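Numbered from 1 within each chain, the chains take letters A, B, ... in sequence-line order. Predicted model, so just to flag it, every value in this text is computed and none were measured.
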Protein chains: 2
Amino acid sequence: MVRQPAINAQNRAPLSIERIIEAALQIVDGQGLGRLTMRRLGDALEVEAMAIYHHLPRGKEQLLDGLVAHVAISPAVTHGAADWREALRRWARDYRARLLGHAGVLPLLVTSRNPAALTTTTASLQEVLRQGGIPEATAAVAAHTLLGYVIGHTALEVRGTPDGTGETVDWDARFDGGLDLVLGAVSP
Amino acid sequence: MVRQPAINAQNRAPLSIERIIEAALQIVDGQGLGRLTMRRLGDALEVEAMAIYHHLPRGKEQLLDGLVAHVAISPAVTHGAADWREALRRWARDYRARLLGHAGVLPLLVTSRNPAALTTTTASLQEVLRQGGIPEATAAVAAHTLLGYVIGHTALEVRGTPDGTGETVDWDARFDGGLDLVLGAVSP
DNA sequence: ACCTGAACACCGTTCAAGT
DNA sequence: ACCTGAACACCGTTCAAGT
């Protein structure tokens, strides 16, 4: 008897949190958040759905938290008071682009019960501001304002929220306009 | 035979979209969005779940859109260029308070596929700004910036997103601080 | 017109069992 | 340690039927 070319359990790449999150993100991006189910995720990983619980004991909630953390981006903290405004502008644009690329994850930023998933981002934003000479208290306000703006505005964009003019919204310009408004208001 | 005190089908208040939305909001506020199911909603209305579809043919999606529209608040448009900044500040605080009071609805602002649900709000914001002498183009940017900020920041608050300082966040002060930042940046 | 009952094709998660 | 199979208690929605 000739041995089959080994597509059985023994020779599969073993499951890991990394692989699970990546497969989940692929489903969300391709089919939408609503179609991310443990059973479908199991299929994508060529495993029974229940195997996932061995790696994510808190189940689907932990999976969703993982997606939020995986999509988050923190600004680069450049030492010395370089142009912090430009650094934050760059970060805001990158984060928006990443959220638009994984739009299905956006609702989870508002839903998911893992506050820690955005801690690094907020802390880095504050650090950039402090390095730029912004006082502690102002930096704390500005960090949440900026993060809130990016998430909220991108949410409006994904919804396709129209405005009072009958015209089509140029979302790139609209986002940059608001970003300048917010960044311009922050002063040392 | 004495007639029973009429708790049967004939004498119930008839179903209506209004009654359905209100019952749904009560479930969301009391038990969370995750526990809003058509079956539970039917129970609350003392009706089989399937009866709801007669009033909301698009089913649960239409129900969720209804919740978003029901919770939305528009600013009061005072004719003449009164203090538009104060009017918008008041609206922003009221809207945040309303969203905190119905926190379960917040994710739907980011999720729900009914762009029209926020059209009135955006249009009113722009109108207030225009009445305040802000040029059309600036008003359009400012309206989306402000709405994005309110939704995004309130989302961060509901998540409990911490900041870089180890201390507890005073969310009321944090929100007002960011609001002043945004409103202060808008100029005629 | 308005509501019900039964049914269909799904869910997330548990638990004991296999290797 | 890691995965499977079967089962439980749910979902949203359809469709024919009742009044």
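- The distance from atom CZ of Arg35(B) to atom P of dC11(D) is 8 Å, rounded to the nearest whole Å.
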Decide ring pair (Phe, Tyr, Trp, His ring centres under 6.0 Å) for Phe175(B) and Trp171(B); before the verdict, give the C-alpha distance in whole Å, the side-chain angles of both, and the deciding distance to 0.1 Å.
CA-CA 6 Å; Phe175(B) 179 80; Trp171(B) 287 105; 9.8 Å; no

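- When rounded to the nearest whole Å, the span between CD of Glu61(A) and C1' of dG12(C) equals 12 Å.
- With a 6.0 Å radius and a threshold of 12 heavy atoms from other residues, nucleotides or ligands, Arg90(B) has its CZ atom at or below the threshold.
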Whenever both distances are under 3.5 Å in a Watson-Crick or G-U wobble pair, mark it; put DNA chain D into dot-bracket that way, with [ ] for crossing pairs and | when the partner is on another strand.
||.|||||...|||||.||

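- If you take CZ of Arg58(A) and P of dT14(C), they are 12 Å apart, rounded to a whole angstrom.
- Looking at heavy-atom distances under 4.0 Å, Leu56(A) makes no contact with the nucleic acid at all.
- Gln26(B) and Glu22(B) form no side-chain donor-acceptor contact under 3.5 Å, judged by distance and modelled atom types alone.
- Nearest to the side chain of Tyr53(B), among dC11(D), dA7(D), dT13(D), sits dT13(D).
- By the 4.0 Å N-to-carboxylate-O rule, Arg96(A) lies too far from Asp176(A) to be salt-bridged with it.
- Among the nucleotides dA6(D), dC2(C), dG12(C), the one closest to any side-chain atom of His54(B) is dC2(C).
- Distance NZ (Lys60(A)) to C1' (dT14(C)): 17 Å, rounded to an integer number of Å.
- For the atom pair CG of Leu88(B) and OG of Ser124(B), the computed distance is 10.5 Å after rounding to the nearest 0.5 Å.
- Comparing atom distances between the Thr37(A) side chain and each of dG12(D), dG12(C), dT14(C) picks out dG12(C) as nearest.
- Under a 3.5 Å cut-off, the side chain of Arg130(B) and the backbone N or O of Pro135(B) do not form any donor-acceptor pair.
- Contact between the side-chain N/O atoms of Arg40(B) and the OP1/OP2 oxygens of dC11(D) is found at a separation under 4.0 Å.
- Comparing atom distances between the Glu48(B) side chain and each of dG12(C), dG5(C), dG5(D) picks out dG5(C) as nearest.
- Atom CD in Gln31(B) sits roughly 11 Å away from atom P in dC11(D) (whole-Å rounding).
- Of the possible polar contacts, none joining the Thr111(B) side chain to the Leu108(B) backbone as a donor-acceptor pair under 3.5 Å is found.
- Judged by closest nucleotide on DNA chain D, His55(A) is the one of His55(A) and Arg39(A) placed further toward the 5' end.
- For Ala51(B), taking side-chain heavy atoms from C-beta onward, the closest of the listed nucleotides dC3(C), dC11(C), dG12(D) is dC3(C).
- At whole-Å resolution of the value, CE in Met50(B) and C1' in dA16(D) are 13 Å apart.
- For the pair Leu45(A) CG and dT4(D) C1', the interatomic distance rounds to 15 Å; values are reported in whole Å.
- The separation between Ile52(B) atom CD1 and dC11(D) atom C1' is 13 Å, rounded to whole Å.
- Residue Met38(A) is in sugar-phosphate contact alone, with no base atom involved, counting any heavy-atom pair closer than 4.0 Å across all strands shown.
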